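For reference, the structure discussed in these notes is given below.
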Amino acid sequence: MTELIFSYLLALIVTLIIESLIIFPCFRSHCDNFRKLAINFLLINAITKLSLNILVGIFGVSTFALLLELIIPLVEARMFRYAGVTGKRRFIVIICYIANLLSFAIGYYLFVAVAFATRPSSSLLNNDFL
């Protein structure tokens, strides 16, 4: 259980770092208060990322998870507008999709890289190299 919580928090931290590199520069000039933007950014991503991870943990990685990955940027864009980010709705949605796509791609790469780096090679286990 502790390992699961740690992996969820690690995924959240990676997401926050990656998405902040896109969200903050793009939305900073479209909000009245940067501190409010930062707090809302943390809350929005904590809600969406942890919810996604919990649902994937329950239902597994499936079409359902991919559908959620497509819906989450729309939810985040709506939450950013509600939190005071001004600008055209289309701009906010596009930025949220870009941030989430980059976060997904890097997170997926890290997951695959770690999974393959920690898995012992079958040829080494079977002594096929001799």
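The structure presented is a predicted model; accordingly, all values stated were derived computationally and were not measured. If you read the sequence from its start, that first residue is 1, and numbering goes on from there.
Note that CD of E3 and CG of L10 are 11.5 Å apart. Values are rounded to the nearest 0.5 Å. Distance CD1/I23 to CG/N45: 7.5 Å, rounded to 0.5 Å. Note that the CG atom of L16 and the CG atom of L9 stand 10.0 Å from one another [nearest 0.5 Å]. Taken from OG in S29 to CZ in F24, the straight-line distance is 13.5 Å, to the nearest 0.5 Å. From N53, atom CG reaches atom CD1 of I5 across 12.5 Å, with rounding to the nearest 0.5 Å.
Using a 4.5 Å heavy-atom threshold, the side chains of Y82 and N40 count as separate. Using a 4.5 Å heavy-atom cutoff, the side chains of F34 and L37 are in contact.
Between C31 and T86, the closest heavy-atom pair is N-OG1, 4.5 Å. The two atoms that bring T15 and K49 nearest to each other are OG1-CE, 3.3 Å, heavy atoms only. Scanning all heavy atoms of the two residues, the minimum distance from A46 to L12 falls at CA-CD1, 3.8 Å. The minimum heavy-atom distance between G87 and I92, with the atom names listed, is O-CD1, 4.1 Å. The two atoms that bring A99 and I22 nearest to each other are CA-CD1, 3.7 Å, heavy atoms only.
In this structure, L74 shares a hydrophobic cluster with V93, Y97, the cluster being traced through Ile, Leu, Val, Met, Phe, Trp and Tyr side chains under 4.5 angstrom apart.
Linking Ile, Leu, Val, Met, Phe, Trp and Tyr whenever their side-chain heavy atoms come within less than 4.5 Å puts I18 and I44 in one cluster.
Using a 30° and 60° split on the angle between ring planes, F27 and F80 fall in the perpendicular class, above 60°.
Although no hydrogens or angles enter the test, the distance criterion places no donor-acceptor pair under 3.5 Å between the side chain of R81 and the main chain of K88. Looking at S20, its side chain does come within 3.5 Å of a backbone N or O of I17 through a donor-acceptor pair.
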